[in-house]
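Just below is one structure, and these are the notes that go with it.
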Amino acid sequence: MNTLTVDGTPVAHTDHGTGRPVLLLHGGGGPATVEPWARRLAASRDARVVTPVHPGFDGTLRPQSLTSVAGLAALYAGLLERLDLRDVTVVGNSVGGWIAAELAVLAPGRAGRYVVVDGVGARVPGHPVADFFSLTPAEVADLAYADPAAHFVHPDALPPAAREALPGNRAALELYAGRAMSDDTLLDRLARVTDPALVVWGEADRVVTPAYGRAFAEAIPGAAYALIPDAGHLPQIERPERLADLVWGFTSRR
């Protein structure tokens, strides 16, 4: 784990591989939901994968002024500058997808291309984001996975450090995303995106449905939309190689 200070905020991050840069943004489940896929992508493709920990997650410090998804997007624009990365593919899952979308709106040309994987953040009539904060972990898993029995791990079965981080992760998620995990203005603001974008969705996602994902893609000029069968809200866990193929195909396209 490395740490860089960006505008006074320490940003802990892992950095795997060499080659084309990828900024990988985790969702509310924390860095553990994307870190194995980061290592896999770096090992199997010509990729350098940088995965920051959103401040406040996994026991990291969060400055009092950092309270929004837009603030995280600005922070990661600064991280790309500090790392001197160009032609970056930004990949974000769930809340990380929302951050990626905000970054695409905030800093056109700063990264290069964006992949939103089962993102939240938009308000799509008739397709609300599941009420995550009212659900038990098992109920969240039932909505999030195509095969919950194969992937759900009860919090009591987690290693002590991971279990101790859960309340702080939950509090940080609520602070950044709000209980509704949506912004009334995002869908309209996505029309400003000028960089290439790919929206990827797990076909079995019931946290945010594939119809929600299609509306997300249609709001971004020129964005492509791809469904992954036998995957839910976390394709990087259920169908890691298929997601890697989609991301790398998009990254390699000129």
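Just so we're clear, the structure is a prediction, and the values are computed from it rather than from any experiment. Starting from 1, each residue takes its place in the sequence as its number.
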message = Please evaluate residues E35 and R39 with respect to the criterion salt bridge (Lys or Arg N to Asp or Glu O under 4.0 Å), reporting the C-alpha separation (whole Å), side-chain torsions for both, the decisive distance (0.1 Å), and the verdict.
response = CA-CA 6 Å; E35 186 60 27; R39 293 194 297 268; 3.8 Å; yes
Polar side chain donor-acceptor pair, T185 to D183, under 3.5 angstrom = yes
key: Shortest non-hydrogen separation from W201 to V208 and the atoms involved   = NE1-O, 2.8 Å
query = V207 and side chain to side chain contact (heavy atoms under 4.5 Å, CB included): which partner among L135, D131, L143, D118?
reply = L143
Closest non-hydrogen atom pair, T9 against L75 = CB-CD1, 3.8 Å
inquiry  = Quick one about R40 and S44 (side-chain donor to acceptor, distance below 3.5 Å, no hydrogens or angles considered), yes or no?
reply    = no
remark   = Rounding to 0.5 Å, atoms OG1 (T14) and NE2 (H16) come to a distance of 3.5 Å
request  = Give me the ring orientation class for H26 and F57: parallel if the planes are under 30° apart, tilted from 30 to 60°, perpendicular past 60°.
outcome  = perpendicular
query = So, for Y114 and D195, which heavy atoms are closest and what is the spacing to 0.1 Å?
reply = CE1-OD2, 3.6 Å
ask   = Taking all non-hydrogen atoms of both residues, which atom of L190 and which atom of P221 are closest, and how far apart?
value = O-CD, 3.4 Å
inquiry  = Taking L158's backbone N and O only, do any of them form a donor-acceptor pair with R163's side chain (distance below 3.5 Å, no angle check)?
reply    = yes
ask   = How far apart are the C-alpha atoms of S134 and E139, what are their side-chain angles, what is the distance that settles it, and do they pass the side-chain contact (heavy atoms from CB on, under 4.5 Å) test?
value = CA-CA 9 Å; S134 72; E139 288 170 335; over 6 Å; no
ask   = Is a donor on one side and an acceptor on the other found under 3.5 Å between the side chain of Q236 and the backbone of T33?
value = yes
task = Compare every heavy atom of L23 with every heavy atom of P52, then report the nearest pair and how far apart it is.
result = CD-CD1, 3.8 Å
query = Can H13 and Y76 be counted as having a side-chain donor-acceptor contact under 3.5 angstrom?
reply = no
ask   = For the side chain of E238 and the backbone of G232, is there at least one donor-acceptor N/O pair under 3.5 Å apart?
value = yes
Under 3.5 Å donor-acceptor, N169 side chain and G30 backbone = no
Qualifying residue, where the test is side chain to side chain contact (heavy atoms under 4.5 Å, CB included) with V34 and the options are L234, T51, V117, V91 = T51
query = Parallel, tilted or perpendicular for F216 and Y212, by the 30°/60° rule?
reply = tilted
message = Determine whether R45 and E241 satisfy the following criterion, salt bridge (Lys or Arg N to Asp or Glu O under 4.0 Å), listing intermediate values before the conclusion.
response = CA-CA 11 Å; R45 308 301 197 276; E241 191 58 28; 3.0 Å; yes
ask   = Which pair of heavy atoms, one from L187 and one from A219, lies closest together, and at what distance?
value = O-CB, 3.6 Å
message = For D7, is the CG atom crowded, meaning more than 12 foreign heavy atoms sit under 6.0 Å from it?
response = no
ask   = Between H233 and F132, is the ring centre distance below 6.0 Å?
value = no
